[in-house]
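In this chain, numbering begins with 1 at the start of the sequence shown. Being a predicted model, the structure only gives us computed values, none of them experimental.
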Amino acid sequence: MGRGTGGDKDSLMNGPRYSAAELLGRLVHFDTTSDRSNLALVAFVEDYLAQHGLASHLVPSADGAKASLYASIGPAGVRGVALSGHTDVVPVDGQTWSSDPFVMSERDGRLYGRGTADMKGFLACVLAAVPDFVKRQLAVPIHLVFSYDEEVGCLGVRPLIAEIGRRFVAPRMVIVGEPTSMSVVDAHKGPVRWHVEIKGRAAHSSMAPLGVNAISVAGKLLAELARIEQELERAPRAERFDPPYATLQVTRIDGGTATNIVPVYCRFDFDVRALPGVDAAAIDRRIRAFADRECVPEMRRIAPEAGIDIRVANEVPPFAAGSASEAVALALRLAGHNETHAVSYATEAGLFQEAGSPAVVIGPGDIAQAHAADEFIAKDQLEKCMVFLDRLGAWAERGTPLS
Ligand SMILES: [Zn+2]
């Protein structure tokens with residue numbers, strides 16, 4: 001139907017309509033592994049939204065190779081509901097797939113492809129719902145927030161969040177569509193990653209007292225970290241989480257040069273999955289104080305150049321919506337559920353919440369398939385998400401307060 005032929009509202013908004021599954025096939029076909037550009041996918045979304053009369057606002061990465069996309073449907077200058085998702089996917093390297101991970105294929109009611117569950121399925125549903133959102137007279141606007149580099153530490157959404165209150169009106173609430181099998185998640189742990197570098201002094205291993213053994217120093221630090229790990233496990237538990245305590249793990253280690261040389265360097269990484277309320281800064285202070293007290297003076301007596309560098313490489317805040325959260329109340333109502341869940345994986349929800357927008361996590365697909373070979377989403381998950389978004393549109397049109 002051509003523009004204006006019918007005169008009704010439908011014919012004036014005649015951008016293309018696709019099913020969520022069709023859009024998902026298009027999105028999967030863009031290889032947006034986190035170390036690659038997402039600009040082709042962003043251009044596709046921008047073009048699609050433009051066909052529905054919507055302007056996209058991009059927040060590019062520092063090198064310009066990637067961008068987040070923000071778009072808004074409904075009245076301007078009003079705080080609305082943001083639908084947030086990441087465009088990047090994890091690598092397929094080393095995984096054995098039954099079919100091309102970047103060509104979506106359907107088998108037994110499941111759609112296979114990298115990112116189908118985590119989390120292009122949600123993005124596809126949001127895009128499929130756009131024509132309906134546009135058609136409605138929304139009282140509460142719906143904002144789309146598509147980020148990049150989520151899988152490498154929720155990096156890409158941060159510059160966009162920094163523009164909230166400047167370029168973008170602060171969302172009244174944020175729905176983060178990570179795969180939860182469409183159940184309502186109101187809390188998650190926050191990963192904090194440290195990188196530790198120890199500089200010792202090399203010496204012939206037969207003359208060990210002349211050197212500073214960086215690996216031995218690492219051993220002392222690892223022992224202290226093991227003590228912290230045990231204390232975290234013994235701390236008051238939050239039984240909603242699995243495991244119900246904060247974990248600490250040394251995740252990588254590398255050191256030494258040869259079997260007959262006192263090692264001059266050792267590097268390792270460790271990771272804390274903090275429960276909401278666990279003070280990661282206190283762990284940071286403790287390991288630094290231990291290094292300064294128990295390691296560095298002894299090292300410097302032999303080698304003034306020796307030292308230990310401890311830095312936080314990445315931190316995603318834990319998320320706890322709180323019992324009075326309007327975002328959680330809305331998500332429960334739209335999903336038709338009455339219970340919430342806590343998960344151990346991280347999302348962008350904590351960052352939005354920290355920036356002043358109440359958040360909730362709910363999206364199609366099962367986290368069990370995320371990051372795995374033969375990742376898939378069940379088609380009925382897309383259907384459930386479409387029902388959820390349709391109810392969101394109806395609610396946003398009425399603009400009725402939540403009670
Ligand atoms: Zn994800």
Legend entry - Residue pair Leu160 / Arg167, side-chain heavy-atom distance below 4.5 Å: no
Legend entry - Pair Tyr70 and His143, ring centroids less than 6.0 Å apart: yes
Legend entry - Phe319-His188 aromatic ring centre distance below 6.0 Å: yes
Checking side-chain polar atoms at under 3.5 Å, does [X] have a donor or acceptor matched by the opposite partner on [Y]?
X	Y	answer
Ser99	Ser105	yes
Glu151	His371	yes
Thr247	Glu229	no
Thr340	Asp186	yes
His195	Glu197	yes

Name each donor-acceptor pair under 3.5 Å that joins a side chain in residues 250-263 to protein atoms two or more places apart or in another chain, with its distance.
unit_1, atom_1, unit_2, atom_2, d
Thr251, OG1, Asp269, O, 3.4
Arg252, NH1, Asp269, OD2, 3.3

Legend entry - side-chain contact (heavy atoms from CB on, under 4.5 Å) partner of Lys120, chosen from Ile377, Val89, Leu23, Leu111: Val89
Inset, instruction - Check for a donor-acceptor pair, side chain of Arg26 on one end and backbone N or O of Glu22 on the other, with a separation under 3.5 Å. - result: no
Legend entry - Expected output: side-chain Arg114 to main-chain Glu375 donor-acceptor under 3.5 Å: no
Inset, instruction - In sequence, state the C-alpha distance, the side-chain angles, and the governing distance for Arg136 and Asp132, and then conclude on salt bridge (Lys or Arg N to Asp or Glu O under 4.0 Å). - result: CA-CA 6 Å; Arg136 292 179 187 274; Asp132 283 318; over 6 Å; no
Legend entry - Of Asp149, Asp35, Asp88, the residue whose pairing with Lys66 passes salt bridge (Lys or Arg N to Asp or Glu O under 4.0 Å): Asp149
Side-chain donor-acceptor pairs under 3.5 Å in residues 123-131, sequence neighbours left out?
none

